[in-house]
Novice: 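Next up is a structure, given as structure tokens.
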Amino acid sequence: MDQATAVPAWVEPQISPIGKTDLVIGTPSLNNASTIGYVATVAAVGAREHFPSSGVVLVNADGGSTDGTQEVFLGSEAPPGIERIAFSYRGIPGKGSALKAIFEIAAKLDARACVVIDSDLRSIEPNWVQKLAGPIFAGYDFVSPWYIRHKHDGTITNNICYPLTRALYGARIRQPIGGDFGVSRHLVHTYLEKDVWATDVARFGVDIFMTTTAIAESGKIAQAALGRKVHDAKDPAAELGPMFSQVVSTLFDMMIRHEHVWNTPAPSGAAEMPGLQMADDDEPDPVPVDLPRLIASFRNGVREHSQVLALALGKRASVIEAVASSASDADIGLSCEEWALVVYDFAAAYRRNIAQRTSLIRALVPLYNGKVASFVLKAKEMSSRQAEELVEEQCRAFEESKPYLRDVWK
Ligand SMILES: Nc1nc2c(ncn2[C@@H]2O[C@H](COP(=O)(O)OP(=O)(O)OP(=O)(O)O)[C@@H](O)[C@H]2O)c(=O)[nH]1
Ligand SMILES: [Mg+2]
């Protein structure tokens with residue numbers, strides 16, 4: 001293997017004797033010793049139960065954990081006949097490099113399907129393997145997860161990835177950065193051939209890269225109803241800044257790359273996905289959110305980044321400044337319409353101002369925090385199911401403002 005590969009050379013002697021396989025199940029990890037054993041066992045049991053005569057290889061691509069994650073993975077219980085490989089990937093540290101390593105192994109083993117499952121998952125069940133791999137064996141190229149999540153979990157998904165993907169490409173993929181998915185052999189090769197692995201795709205940009213590429217270059221996409229996603233969820237106020245930057249810069253890079261797909265009179269995109277609905281009694285465990293911290297980030301960030309805001313928003317910067325300096329915290333934040341226009345202005349500015357891209361993404365973080373604050377306030381008395389209506393409202397705002405995007409993009 002050459003220098004550019006994410007799989008270290010010492011792993012090769014474990015791969016070549018296997019020859020070919022049907023299914024590779026990969027788990028990226030970074031200090032997940034407390035959960036990865038369960039994920040590996042359930043995935044192996046599910047693979048045996050649902051695909052008893054298929055060759056299955058489990059791969060753990062680790063980011064250099066110091067808590068014994070790889071050892072737990074290799075020592076986890078599994079039915080006989082399932083190969084396991086664990087190693088620290090090479091390359092830029094990040095989840096995307098881990099996935100690249102998993103894809104490289106799937107390609108080497110000529111696997112018909114590759115399933116990836118996050119190693120911090122507590123709610124995985126054996127049938128997830130069937131739900132993610134089954135449609136691939138039946139001819140789909142990409143299976144995207146659909147889960148029930150608490151209203152404060154998945155704020156990057158709800159406020160930007162889902163609405164923007166839906167408005168741009170017409171694809172109602174509810175969890176475009178879900179983390180658990182299935183990919184065909186064909187799409188694995190497509191991913192590996194792209195010249196993106198030195199960008200934020202090597203980090204948390206990888207999920208939106210995979211989904212957008214699947215939409216733009218295949219369209220044979222299914223959604224798998226997996227039930228609850230219970231994982232080590234993060235407080236959106238405290239921990240999501242770097243992830244937001246990596247995801248959104250990739251989202252904008254993908255808009256530039258796929259302009260020919262979305263900036264047409266009638267974007268073809270993927271077909272509408274079958275509607276999946278939460279039930280009223282499906283309320284997941286709460287994910288805490290530090291609302292005062294979100295509001296403070298919004299207020300301070302708008303002041304701190306005033307020059308970049310003027311660059312991106314032009315005259316509309318004063319509207320945002322007025323909202324951010326309002327006296328009361330009770331209804332502070334950005335409405336769905338304001339947020340959609342902000343994202344479109346920033347996307348267009350990101351395209352035009354190559355030298356300013358890092359500053360633009362940095363300045364967008366406090367505005368995003370303002371949007372999340374507004375979401376949290378509006379959803380205060382709502383169940384997670386009811387809060388879905390707010391996500392729907394956000395999607396409609398992105399769809400209705402799409403002519404504005406075409407305008408500012410010129
Ligand atoms: N190998 C590797 N894996 C990583 C790295 N960062 C995250 N991961 C793994 O990628 C998976 C998803 O990361 P999480 O931090 O759980 O992110 P998430 O669940 O998508 O995001 P939230 O919804 O914001 O919690 C987990 O299995 C992590 O262990 C990394 O730098 N290297
Ligand atoms: Mg997680």
Side-chain angles (χ1 to χ4, degrees), residues 6-8 11 25-40 42-43 58-70 72-73 85-105 115-124 128 144-145 147-162 174-181 197 200-211 226 228-248 250 284-285 287-289 365 368-369 372:
V7 181
V11 180
I25 304 179
T27 54
S29 66
L30 183 60
N31 294 323
N32 299 104
S34 62
T35 46
I36 197 168
Y38 179 71
V39 172
V42 175
L58 251 58
V59 177
N60 171 216
D62 184 58
S65 298
T66 52
D67 66 350
T69 293
Q70 293 183 43
V72 173
F73 171 87
I85 301 172
F87 57 89
S88 302
Y89 59 79
R90 295 194 318 188
I92 297 170
K95 179 184 170 184
S97 294
L99 296 200
K100 180 169 187 278
I102 292 165
F103 294 147
E104 283 177 16
I105 292 180
V115 162
V116 174
I117 296 175
D118 278 354
S119 53
D120 66 334
L121 267 177
R122 298 164 199 280
S123 55
I124 179 173
W128 284 30
S144 180
Y147 352 67
I148 293 158
R149 300 178 77 169
H150 185 261
K151 61 188 177 182
H152 297 158
D153 190 20
T155 49
I156 301 175
T157 298
N158 293 345
N159 291 292
I160 185 160
C161 289
Y162 172 48
R174 182 64 186 83
Q175 298 287 337
I177 57 168
D180 312 296
F181 51 86
W197 298 102
D200 278 337
V201 171
R203 305 196 285 164
F204 279 121
V206 67
D207 299 285
I208 196 65
F209 156 75
M210 289 189 302
T211 301
L226 302 177
R228 283 182 196 211
K229 174 165 178 162
V230 182
H231 67 141
D232 296 340
K234 304 185 189 85
D235 177 341
E239 298 169 291
L240 292 184
M243 184 188 255
F244 177 87
S245 305
Q246 294 161 28
V247 171
V248 173
T250 307
D285 289 342
V287 172
V289 57
V365 174
Y368 161 74
N369 285 336
V372 176

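Each ligand, and each atom within it, is numbered from 1 in the order the structure gives.
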Novice: What protein heavy atom sits nearest atom 12 (C) of ligand 1, and how far off is it?
Specialist: Asp118 OD2, 3.3 Å
Novice: Taking only heavy atoms of Arg149, which atoms of ligand 1 are found under 4.0 Å from at least one of them?
Specialist: 23 (O)
Novice: Where does Ile156 meet ligand 1, judged by heavy-atom distances below 4.0 Å: at the side chain, the backbone, both, or neither?
Specialist: neither
Novice: Could you tell me, atom by atom, which parts of ligand 1 come under 4.0 Å of a heavy atom of Ala61?
Specialist: 1 (N)
Novice: Show which atoms of ligand 1 fall inside a sub-4.0 Å distance from at least one heavy-atom site of Ser119.
Specialist: 27 (O), 29 (O)
Novice: Which of the numbered atoms in ligand 1 are under 4.0 angstrom from any heavy atom belonging to Tyr89?
Specialist: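 It comes down to these atoms of ligand 1: 1 (N), 2 (C), 30 (C), 31 (O), 32 (N).
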Novice: Do any of the N, O or S atoms of Asp120 sit under 2.8 Å from the Mg ion (ligand 2)?
Specialist: yes
Novice: For the pair Lys95 and Asp118, find out whether any cationic side-chain nitrogen is under 4.0 Å from an anionic carboxylate oxygen.
Specialist: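 Salt bridge between Lys95 and Asp118, a charged N being under 4.0 Å from a carboxylate O: yes.
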Novice: If hydrogens are left out, which of Gly96, Ser29, Pro28, Ala6 has an atom nearest to atom 2 (C) of ligand 1, that is, the closest non-hydrogen atom?
Specialist: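 Among Gly96, Ser29, Pro28, Ala6, the closest heavy atom to atom 2 (C) of ligand 1 belongs to Ser29.
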Novice: Given Ser88, Gly63, Gly154, Gly94, which has its nearest heavy atom closest to atom 30 (C) of ligand 1?
Specialist: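 Of the listed residues, Gly94 has the closest heavy atom.
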Novice: Contact between Gly179 and ligand 1, counting heavy atoms under 4.0 Å?
Specialist: no
Novice: Under 4.0 Å from any heavy atom of Met243, which atoms of ligand 1 are there?
Specialist: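 In order of numbering, the contacting atoms are 17 (O), 18 (P), 20 (O), 21 (O), 24 (O).
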Novice: Asp120 heavy atoms, cut-off 4.0 Å: which ligand 1 atoms fall inside?
Specialist: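 Contacts of ligand 1 toward Asp120, numbered from 1: 16 (O), 27 (O).
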Novice: Check ligand 1 against His231 and write out every atom of the ligand that is under 4.0 Å from a heavy-atom position of the residue.
Specialist: 19 (O), 22 (P), 23 (O), 25 (O)
Novice: Any atoms of ligand 1 less than 4.0 Å from a non-hydrogen atom of Asn32? List them with their elements.
Specialist: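 Ligand 1 atoms under the 4.0 Å threshold to Asn32: 28 (C), 29 (O).
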